2 protein chains.
Amino acid sequence: MSFPAAPALVDASVPCASCGARLDARCGAMADPHLDHLAALALRQTVAAGAEFMAEGEPAEHVFGLTCGTARLFKLLPDGRRQVLGFARAGQFLGLASCRTYTVSAEAVEPVHLHRLPRSRLRGLLDQYPMLERWLLETAAYELSIAQEQMMLLGRKTARERVASFLVGWAAGGRPCVPPLSHLHLPMPRGDIADYLGLTIETVSRTLTRLRIEGLLAIPSPSEIEVLRPVALAAIAGCNSSPTDMMRCDEERRQLHPGLGLGAGA
Amino acid sequence: MSFPAAPALVDASVPCASCGARLDARCGAMADPHLDHLAALALRQTVAAGAEFMAEGEPAEHVFGLTCGTARLFKLLPDGRRQVLGFARAGQFLGLASCRTYTVSAEAVEPVHLHRLPRSRLRGLLDQYPMLERWLLETAAYELSIAQEQMMLLGRKTARERVASFLVGWAAGGRPCVPPLSHLHLPMPRGDIADYLGLTIETVSRTLTRLRIEGLLAIPSPSEIEVLRPVALAAIAGCNSSPTDMMRCDEERRQLHPGLGLGAGA
DNA sequence: CGACTGATTGATTTCATTCAAATATAGTGG
DNA sequence: CCACTATATTTGAATGAAATCAATCAGTCG
């Protein structure tokens, strides 16, 4: 709806906008040897900004591993209302559905590099590398806890709290490692943020403006946000999903699987 | 908050309100041989209505398998606002957290029978039975898709659509098998439903009344609801999460793991 | 039978949405 | 390089759906 008709998948010669890498380069994620093997079996692909590469209801024939860029995961209601379920970044897996068809759609927010692995091959890999299955299980459990935190946000938080939570989460997000960034780059438009937070574009904009006026943020451009008072922002976001909690949680994950930082996918 | 202080865990001599079974009986779920083995290693326990048996933030020392009754899973904000994440019924697993502490709390809505398995033993079982891990992974992926559907509901549906979705989901829920029941028993109070749908008690009540006046429902008592026009109700609920979709999805799961019908847990 | 809890109904308020307009930003072709 | 167009964002005013505040009603239990 909010986005132009997908111009289909695109070739690889253009360097990735956010990391400069090309198709054959890996952007630093997926350092685990099992995942190297997995990557070797996968097709590499570049997806143009705005293009859909996974569609709710379509046969779930592949799993995807993002190596570069940002994607939005979403569902639509018949009348066009959209819920953005999360933003996937380098290192994340998509398409681990439990049934024959995808349950969510995914589009590139900015040009995305990904590995496309046929589901049939994944089955074989799982048999070959039991640790991979354990890792996927932990990842799925982690995704679930993220989704539950978002349910808390959508069901019970105010607009102000939602926007603050989003910024705090995005700051900690891609690199879950300490410390949360104070300068945020938001590659997605306001409409994506609104649909992620269960708000409208106008409310997101107004709320950001208010946080700016109150001196918590600076907003040099719509896609660049400077967090001036991170502690105050985290306080508004609510004690749950605080950087501290999430970091501790992520820390444990990293000890199990060094070199990886995963987030919300499906 | 909304519930009395948990009167701690209770002994086993009282028969389960909803199934009549006692501690040593299994209520028909967990027919899979691996799960039989799992059950043999677990402590059996009865939890009184209103009692909390899993607490967000506490060390995640056990996983739980419900054999009888209904539990609510929830998270709290510091100021007491509550989000109910789901209702667990017989056959569901709880406590498959990705980090050292539980990320959600669980309370019995009505008296609950459960198996309490030390996490350390689960680790061993996973090594012993690779299929169990695969099954858990599929379950987690399924839970995730349920959570995403709920995010759609919380972020983008109206009160009317939320209540309709809840009723449709509950009708299909416990027994995902066809056909959805027309007579629903709701063991949880209105406050639980409100906190599950991101609404207030009053709005839930008003909405149910309106659906009753419009001839879609009959409400002989607060906990008993008769669905008079299931198709119309499903239409209000929205095409997504329609009985048809969910049933197809569940059907696939059942082919993989006969004798089990799992739902939303964490 | 009162006292208590949970559910329903009513009156009013409020926060976010909707409708509408202005402003900023990015992209394109002359 | 700049005017011009299209798109995204911000801001403003009015509306509305659900929340809040406040009784009333209906079961339960000692």
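Predicted, not measured: the structure shown is a model, and the values here were computed from it. Numbers restart at 1 for each chain; the letters A, B, ... are given by sequence-line order, proteins then strands.
Side chain to side chain, A:S165 and A:K157 meet the donor-acceptor criterion of an N or O pair below 3.5 Å.
Within the 3.5 Å criterion, the main-chain N or O of B:A147 finds no donor-acceptor partner in the side chain of A:Q148. Looking at B:R72, its side chain never comes within 3.5 Å of a backbone N or O of B:D192 through a donor-acceptor pair. For A:T203 (side chain) and A:L199 (main-chain N/O), no donor-acceptor pair under 3.5 Å exists by modelled atom type. Without hydrogens or angle criteria, A:D195 side chain to A:L197 main chain gives no donor-acceptor distance under 3.5 Å.
Taken over five-pair windows at either terminus, the axes of the helix from C:dC1-D:dG30 to C:dG30-D:dC1 are inclined to one another by 40° (rounded to 10 degrees).
Residue-level contact check: A:S221 touches neither bases nor backbone, having no heavy atom under 4.0 Å from any strand.
Along DNA chain C, the nucleotide closest to A:P220 and the one closest to A:T200 are compared, and the more 5′ of them pairs with A:T200.
In this structure, A:R162 atom CZ and C:dT17 atom P are separated by 8 Å, rounded to whole Å. A:D192 has its CG atom 16 Å from the P atom of D:dT7, to the nearest Å. Taking atom NZ on B:K157 and atom C1' on D:dA18, their separation rounds to 18 Å, with Å as the unit. Rounded to an integer number of Å, the gap from B:L217 CG to C:dA7 P is 16 Å. Atom CG of A:L199 and atom P of C:dT18 are 11 Å apart (whole Å). When rounded to the nearest whole Å, the span between CD1 of B:I193 and P of C:dG6 equals 14 Å. The distance from atom CZ of B:R81 to atom P of C:dC15 is 13 Å, rounded to the nearest whole Å. Residue A:R160 contributes atom CZ, which lies 16 Å from atom C1' of C:dT14 at whole-angstrom precision.
Residues passing the salt bridge (charged side-chain N to carboxylate O under 4.0 Å, His left out) test with B:R210 are B:E214, sequence neighbours excluded.
Aromatic ring orientation, B:F53 versus B:F64: perpendicular (interplanar angle above 60°, classes split at 30° and 60°).
In this structure, B:E161 pairs ionically with A:R81, as a charged nitrogen and a carboxylate oxygen lie closer than 4.0 Å. Look at A:E202 and A:R190 and you find no salt bridge, because none of the NZ, NE, NH1 or NH2 atoms lies under 4.0 Å from a carboxylate O.
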Do any N or O atoms of the protein come closer than 3.5 Å to N or O atoms of nucleotides 9-15 of chain D, and which pairs are they?
| unit_1 | atom_1 | unit_2 | atom_2 | d |
| --- | --- | --- | --- | --- |
| D:dT9 | OP1 | A:R190 | N | 3.2 |
| D:dT9 | OP2 | A:R190 | N | 3.1 |
| D:dT10 | OP1 | A:R190 | NH2 | 3.3 |
| D:dT10 | OP2 | A:R190 | NE | 2.9 |
| D:dT10 | OP2 | A:S205 | OG | 3.0 |
| D:dT10 | O5' | A:S205 | OG | 3.1 |
| D:dT11 | OP2 | A:T209 | OG1 | 2.5 |
| D:dG12 | N7 | A:R206 | NH1 | 2.8 |
| D:dG12 | O6 | A:R206 | NH2 | 3.2 |
| D:dA13 | N6 | A:R206 | NH2 | 3.4 |

